[in-house]
There are 2 protein chains.
Amino acid sequence: MKRQAGEGRGSTLNETLCDEIRRLLVDGALTPGQRLSESALSEQLGVSRNTLREAFRTLAHEGLVTHAPNRGVFVTTPDMASIVDIYRLRRFIECRALSAAWPSHPAVREMRAAVEEARTCREQRNWQAVGSANMAFHGAIVALADSARLDVFFRQISAELRLAFGLMSDKEWLHGPYVEMNQQVLETFEAGDTTAAVALLEQYLAQSERTVLAAWARQAAP
Amino acid sequence: MKRQAGEGRGSTLNETLCDEIRRLLVDGALTPGQRLSESALSEQLGVSRNTLREAFRTLAHEGLVTHAPNRGVFVTTPDMASIVDIYRLRRFIECRALSAAWPSHPAVREMRAAVEEARTCREQRNWQAVGSANMAFHGAIVALADSARLDVFFRQISAELRLAFGLMSDKEWLHGPYVEMNQQVLETFEAGDTTAAVALLEQYLAQSERTVLAAWARQAAP
DNA sequence: TCGTCACTTATTGTTCAACAATACAAGCGC
DNA sequence: GCGCTTGTATTGTTGAACAATAAGTGACGA
């Protein structure tokens, strides 16, 4: 839906609020499993309880927080099943999007930009930013499929995955190795060898899944 | 996430309310483009404005209603781009889910049940119910992929598509022919010829898309 | 006659305060 | 130690209030 019935561009505090909380979640300021008290958080953020509750509804639908009726809202704790599910979806979506892609699709430009961004951030050892750039790369891959709905769905999944990333301490190991791999995927794809690029991507995702799962298990053991 | 931090099963009016409004939307009691006044609707449904607004956030995130800041909430009007996008996604998701399916997956049982249901509803000429059963069939196909997140995503898309269905008058023509086609897909798949089943499914979706688009254009012309 | 401007009005955005309903914790009897 | 009742804090839901915005209205001037 392009410009449904107006869709005027007002700031609408609620939007701002959602963004703010999302940032808190992705930055790790709020740790998974933590309960988010309505009164406390509304006071801290300077909004009313009702407004906060509206934001919670949006975030809950995005999977970032979990609403337990009559008990409260919690930062979603990624469990193993979620991680497996998310990676299965990523393989499902990304590989197919890449394999059916039009070689000179505008999104390829974004892929390139993301790789560049990741490289410069890596030089500055800003691993959080490297993670963002890597995600942008994969978002661009999904964009190859030319579906607006798929794009927002993938953004959602990415945010949820970042929640899991937040559980781990060694960000360098978590994001660093994939800069090269992304670049390799891109170069292979641009060279015209789509099937090889897809194979690389599949390998990338498998390795990433293993890393995340291992770190999750290590962390969740005690 | 299976049972995140409790997730107790209270009715929580809000849930009920969302279901109620969804039903109104899918049944066509609320027509696309219509503005939903907060005060009017809250009074009509016997809930407070705040509660209704919370429900609106959920429904807006599902794409069933469109929120225009400072202007109000409108029943989403499906445009041509949305229909095309949704069908592209359905081809993307359903075909791949079916082609990679484990032949004795539990969801096959659901597929069979949906076909049965559709047949009986067709005999009673209850086309609305036929539409529901057909959708359940395709939901079962998606379930073959074994991804919880993909399931909810597809449910969302289905609801949005039903909004478009609501624009058309001839429900028999809209839902009737596909009962046979679904059955054919199922039988071919159960016979073990997966590739043929996928081809049939693809054909199904293409024909359905043409029908919907044509009806949409016919309706939107004046 | 037409367009522009300020003004009016209705609706949404947001807050506040209150009460009901529920879940958790503590204390009690056994 | 175990089940039960009681208390308390938090969420669920409501109603009213006010600010902010958008649409409609009508006067005014070219």
Side-chain angles (χ1 to χ4, degrees), chain A residues 1-22 25 30-31 33-62 64-77, chain B residues 1-22 24-25 30-62 64-77:
Chain A
M1 324 268 141
K2 268 181 298 215
R3 294 208 105 252
Q4 191 81 233
E7 209 153 284
R9 60 245 153 275
S11 19
T12 60
L13 178 56
N14 196 298
E15 231 172 290
T16 322
L17 185 57
C18 284
D19 286 343
E20 176 110 10
I21 301 179
R22 269 194 216 98
L25 288 167
L30 303 173
T31 56
Q34 179 181 352
R35 179 163 154 278
L36 300 178
S37 158
E38 292 185 354
S39 30
L41 195 60
S42 66
E43 188 176 3
Q44 180 184 334
L45 297 175
V47 300
S48 101
R49 248 184 83 205
N50 286 342
T51 303
L52 180 62
R53 282 175 64 89
E54 284 186 27
F56 275 165
R57 278 317 199 301
T58 301
L59 296 170
H61 204 274
E62 289 173 2
L64 293 179
V65 301
T66 301
H67 180 101
N70 288 313
R71 292 183 14 85
V73 170
F74 300 79
V75 179
T76 299
T77 303
Chain B
M1 324 268 141
K2 268 183 297 216
R3 291 208 111 251
Q4 190 82 232
E7 207 154 285
R9 56 248 158 273
S11 17
T12 59
L13 178 56
N14 195 300
E15 235 172 286
T16 322
L17 185 57
C18 284
D19 286 342
E20 176 109 11
I21 300 179
R22 270 193 216 99
L24 289 177
L25 288 167
L30 303 173
T31 55
Q34 180 181 351
R35 178 162 155 277
L36 300 178
S37 157
E38 291 185 355
S39 29
L41 195 60
S42 67
E43 189 176 5
Q44 180 185 334
L45 297 175
V47 299
S48 103
R49 249 185 83 207
N50 285 332
T51 304
L52 180 62
R53 282 175 64 89
E54 284 187 28
F56 274 166
R57 295 290 175 187
T58 301
L59 296 170
H61 203 273
E62 289 173 2
L64 292 179
V65 302
T66 300
H67 180 98
N70 288 315
R71 292 183 16 86
V73 170
F74 300 79
V75 180
T76 300
T77 303

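Chain A is the first sequence line, chain B the second, and so forth, proteins listed ahead of strands; every chain is numbered from 1.
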Length of the CG-C1' vector between Asn70(B) and dA23(D), whole Å: 12 Å

Gap separating the CZ atom of Arg71(A) from the OG1 atom of Thr66(A), nearest 0.5 angstrom: 11.0 Å

Nearest-angstrom distance from the residue atom NE2 of His67(B) to P of dT11(C): 16 Å

Phosphate-side-chain proximity, Thr51(A) and dG13(C), N/O vs OP1/OP2 below 4.0 Å: no

Base of dG13(C) paired with side chain of Arg49(B) (donor-acceptor, under 3.5 Å): yes

Interatomic distance where CD belongs to Glu15(A) and C1' belongs to dA20(D) [whole Å]: 16 Å

OP1 or OP2 of dG13(C) under 4.0 Å from side-chain N/O of Arg71(B): no

Heavy-atom donor-acceptor pair, Asn50(B) side-chain to dG15(D) base, under 3.5 Å: yes

Inter-residue atom distance Asn50(B).CG - Glu38(B).CD, 0.5 Å rounding: 9.0 Å

Euclidean distance, atom CZ of residue Arg57(A) to atom P of dT11(D) [Å, nearest integer]: 12 Å

Leu41(B) CG to dT11(C) P, straight-line distance once rounded to whole Å: 14 Å

Rounded distance (Å) that lies between atom C1' of dA21(C) and atom CG of Asn14(B): 16 Å

Among Val75(B), Thr16(B), Leu52(B), the one residue meeting side-chain contact (heavy atoms from CB on, under 4.5 Å) with Ile21(B): Leu52(B)

Nearest-neighbour nucleotide for the Leu13(B) side chain, dT11(C), dA22(D), dT13(D) considered: dT13(D)

Atom-pair distance (CD on Glu38(A); C1' on dA23(C)), nearest Å: 14 Å

Spacing of NE2 belonging to His67(B) relative to OG1 belonging to Thr76(B), to within rounding of 0.5 Å: 12.0 Å

Value in whole Å for how far the P atom of dT14(C) lies from CG of Leu45(A): 14 Å

Residue whose closest nucleotide on DNA chain D lies nearer the 5' end, Leu52(B) versus Ser37(A): Ser37(A)

Euclidean distance, Arg53(B) CZ relative to Asn14(A) CG, rounded to 0.5 Å: 8.0 Å

Minimum-distance nucleotide to Arg53(B) side chain [options: dT12(C), dC16(C), dT13(D)]: dT12(C)

Sugar-phosphate only, base, or nothing, as touched by Val47(B) at under 4.0 Å among non-hydrogen atoms: sugar-phosphate

